[in-house]
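Structure first, commentary second.
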Amino acid sequence: MPVPPVAPRLSVIVPVKDEEEAIAPFVARVTAVLDALREPGNVPLGWEILFIDDGSHDATLAAIHAAHRADPRIRALSLSRNFGKEAALSAGLDHARGDAVIPIDVDMQDPPEVIGAMLDHWRAGFEVVYGVRRDRQTDSLPKRITAEFYYRAHNWLSSDKIPEHAGDFRLLDRKVVEVIRAMPERNRFMKGLFAWSGFRQTAVEYDRAERAVGTTKFNYWKLWTLAIDGITSASTVPLRVWSYLGAMVALFALLYAGYVVIRTVLLGADVAGYPSMMVATLFLGGVQLLSLGILGEYVGRILVEVKHRPIYVIRMRIGEDD
Ligand code: UDP
Ligand code: MG
């Protein structure tokens, strides 16, 4: 009688884009860590590694194929093109089968040795165990400053606070995964979705290493776009602030108008005032364009949401799904 496949306890999901040299060392190190994990009662822990090939143009898929042939617990989805890391993570969450799911980067910046500690917290009853970077020494100064500024801005503007210096490396209980999967939005800013979902959360600290092989897939422009996605999906404060600013300017204008009338009545009219008029006109013009631009950011996102296209498209799979 064929034994029905047992769902693994733990799924490790790994988005990859053009990482051909990173796959083999990743698999070797992570497999060793996972094989050493034990369930209570000293039973080996069932696990799977699910790669999401996010439209790689190099031999990434071939490397994953080789890994799968050597160990069928390693599976993969290959997306039809590059959909971005957030979409790739969504694909991973949709197809992971474990009771706990851990997204991790392939470049070994997130040390897999922390997984054991995450599982301990999970068994103690936490549904989310996120990794927090002890310091950001391995980041360049501009990256550290912009990251710091971003977390401040996000948490100031939004009521769903994201934990500072926590990346996507975290353990998610099946309950949390299902909540995130049920969220209908196309804009998958994962940190925001994790924060919104709630549940009992705790942190484990770790040191983030330098990238082991390959180069970063994020430049400042991509990070800026991600930051705007994050804030616009979590907060409407940038839309509302203009009403208050407008009200303040209007009030000021009213008071100033009163002053001008009284002054004209008492002292007569003079035609000076060209510079102040220019300044006021240019300032208000700038503010109006800025607020229109911010309005546009939100309208553009509404357009993306109402089109209701799939978040990602799967081109092929390696290894069975269910
Ligand atoms: N990645 C991806 N799709 C992309 C960009 C990146 O799946 O469009 C993957 C990448 O292969 C890596 C992870 O996301 O496994 C993190 O990327 P990276 O290390 O370049 O980011 P950084 O650590 O520099 O922020
Ligand atoms: Mg990295």
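Just so you know, ligand 1 is whichever comes first in the structure, and atom 1 is the first atom listed for that ligand. Position 1 is the first residue of the sequence; numbering continues from there. Bear in mind the structure is a predicted one, so any value in this text is a computation, not a measurement.
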> Should the pair Y150 and H154 be assigned to parallel (<30°), tilted (30 to 60°) or perpendicular (>60°) ring geometry?
Replying inline: perpendicular

In terms of residue, atom name and distance, what is the protein heavy atom nearest to [atom]?
| atom | result |
| --- | --- |
| atom 17 (O) of ligand 1 | F218 CE1, 3.8 Å |
| atom 23 (O) of ligand 1 | Q109 OE1, 2.7 Å |
| atom 8 (O) of ligand 1 | N82 ND2, 3.0 Å |
| atom 15 (O) of ligand 1 | P15 O, 2.7 Å |
| atom 18 (P) of ligand 1 | R211 NH2, 3.5 Å |
| atom 22 (P) of ligand 1 | T216 OG1, 3.7 Å |
| atom 10 (C) of ligand 1 | E19 OE2, 3.2 Å |
| atom 5 (C) of ligand 1 | K217 CB, 3.5 Å |

> Has R263 got more than 12 heavy atoms of other residues, nucleotides or ligands less than 6.0 Å from its CZ?
Replying inline: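 No.
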
> In this structure, are over 12 heavy atoms from other groups packed under 6.0 Å from F199 atom CZ?
Replying inline: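 Yes - once you tally the heavy atoms of other residues, nucleotides and ligands closer than 6.0 Å, there are more than 12.
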
>> Whether the side chain of R75 engages the backbone of P72 through a donor-acceptor N/O pair (distance < 3.5 Å, no angle test) should be reported.
In response: no

> Quick check: does any side chain N or O of R174 sit under 3.5 Å from a backbone N or O of G98, one acting as donor and the other as acceptor?
Replying inline: yes

>> What I want to find out is whether D35 reaches R73 closely enough, with some N-O distance under 4.0 Å, to be called a salt bridge.
In response: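 Result for this pair is yes, salt bridge flagged.
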
>> Does this structure show an ion pair linking D53 with R315, if we count only N-O contacts that are shorter than 4.0 Å?
In response: no

>> Under 2.8 Å from the Mg ion (ligand 2), which protein N, O or S atoms do you find? Ignore water molecules.
In response: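 Under 2.8 Å from the Mg ion (ligand 2) - ignoring waters, which are not counted - the protein N, O or S atoms are D107 OD2, Q109 OE1.
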
>> Does ligand 1 come near enough to V106 that some N or O of the ligand is less than 3.5 Å from an N or O of the residue?
In response: yes

>> Closer than 4.0 Å to some heavy atom of D54 - which atoms of ligand 1 meet that?
In response: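 Within the 4.0 Å cut-off of D54, ligand 1 contributes 2 (C), 3 (N), 4 (C), 7 (O), 8 (O).
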
> For ligand 1, which atoms sit closer than 4.0 Å to a heavy atom of K222?
Replying inline: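 So the answer, numbered in order with elements, is 8 (O).
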
> Say you draw a straight line from CG of D18 to CG of D54; how long is it, rounded to the nearest 0.5 Å?
Replying inline: 9.0 Å

>> Ring centroids only, cut at 6.0 angstrom: are F194 and Y130 within range, meaning strictly under it?
In response: no

>> Taking the six-membered ring for Trp, are F26 and F51 closer than 6.0 Å centroid to centroid?
In response: yes

>> Against I102, only a single residue in V114, L171, V14 fulfils side chain to side chain contact (heavy atoms under 4.5 Å, CB included); can you say which?
In response: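 Single pass found, and it is L171.
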
